[in-house]
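Single-structure report; data block below.
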Amino acid sequence: MEEVNVVQTKDGTVTVASVFPGHQEAIQQRDHKFLRIAVEEAYKGVECGDGGPFGVIIVRNDEVVSCCHNMVLRNTDPTAHAEVTAIRKASLNLNKIELSDCEMYASCEPCPMCFGAIHLSRVKRLVYGAKAEAAIAVGFDDFISDALRGTGFYQKAQLEIKRVDGKEGNIAEEVFEKTKQKYTMF
């Protein structure tokens, strides 16, 4: 008989995990298989000159629904990181913006922008290979995190972040209340 672990999270969600012989090894093999595809995609992106060495795949039910690499140079778009590009493609392929039944495999630990996109897409699981420090060591910097913390030695941009003073901030907030009946989230 297989052992079952029941875990309750802070929000009350209950997770049941089967622990059968070889379970962890099977997950590890699956993770390695999909991560290798993401790494191959990273190489492909560099070889064709599209951008930096970052690759991502999004998987649903063990099928790849999106396979992308960094497209910053090709698209002349600083937001065309592999993770964002893969989320866009997966959303189009699945015709939905909420990817809670999907997993993401990334060749490298996501930057804060990409992590935000991952969070907003509701991907249920993220598996990455290289730590961010590996990318930083070859010249990619963590300027987004540094800018938010104000700790960057070489700041890429001087960005002031400020909420508007006065009633204009309230007027901007009213759009949410006035339009909530006209759109659905998920």
Flag the pair [X] / [Y] as yes when at least one side-chain heavy-atom distance between them is below 4.5 Å, and no otherwise.
{"X": "P53", "Y": "V138", "value": "no"}
{"X": "C48", "Y": "H69", "value": "yes"}
{"X": "V59", "Y": "R30", "value": "yes"}
{"X": "H32", "Y": "R36", "value": "yes"}
{"X": "Y105", "Y": "R125", "value": "yes"}
{"X": "I57", "Y": "F34", "value": "yes"}

*Results of ring pair (Phe, Tyr, Trp, His ring centres under 6.0 Å) for Y128 - residues two or more places apart only*: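 None.
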
*Using the test salt bridge (Lys or Arg N to Asp or Glu O under 4.0 Å), find all partners of K180 that sit at least two apart in sequence or belong to another chain.*
E177

What's the shortest heavy-atom distance between [X] and [Y], and which atoms?
{"X": "I58", "Y": "A90", "value": "CD1-CB, 3.8 Å"}
{"X": "C114", "Y": "E83", "value": "SG-OE1, 3.2 Å"}
{"X": "F54", "Y": "S107", "value": "CA-OG, 3.5 Å"}

*Mind running salt bridge (charged side-chain N to carboxylate O under 4.0 Å, His left out) on K33 and D62 for me, showing each step along the way?*
CA-CA 11 Å; K33 174 182 117 177; D62 286 339; over 6 Å; no

[X]: side-chain hydrogen bond (donor to acceptor under 3.5 Å, both in side chains) partners, not counting sequence neighbours:
{"X": "K96", "result": "D101"}
{"X": "R74", "result": "D50"}
{"X": "T76", "result": "none"}

_Check whether N70 reaches the backbone of V72 with its side chain - one donor and one acceptor, N or O, closer than 3.5 Å._
yes

*Could you grab the distance from atom OG of S121 to atom CD1 of I97, nearest 0.5 Å is fine?*
9.5 Å

_Euclidean distance, C67 SG relative to N93 CG, rounded to 0.5 Å_ =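 N93 CG to C67 SG: 11.0 Å, rounded to 0.5 Å.
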
Do [X] and [Y] belong to the same hydrophobic cluster, where Ile, Leu, Val, Met, Phe, Trp and Tyr are linked whenever their side-chain heavy atoms lie under 4.5 Å apart, directly or via other members?
{"X": "I37", "Y": "M104", "result": "no"}
{"X": "V127", "Y": "V65", "result": "no"}
{"X": "V84", "Y": "V56", "result": "no"}

*Could you tell me whether E63 atom CD has more than 12 heavy atoms of other residues or ligands within 6.0 Å of it?*
no

*Residues in side-chain contact (heavy atoms from CB on, under 4.5 Å) with D77, at least two apart?*
N75, T79, A80, R88

_Please evaluate residues C102 and L94 with respect to the criterion side-chain contact (heavy atoms from CB on, under 4.5 Å), reporting the C-alpha separation (whole Å), side-chain torsions for both, the decisive distance (0.1 Å), and the verdict._
CA-CA 10 Å; C102 297; L94 298 173; 3.8 Å; yes

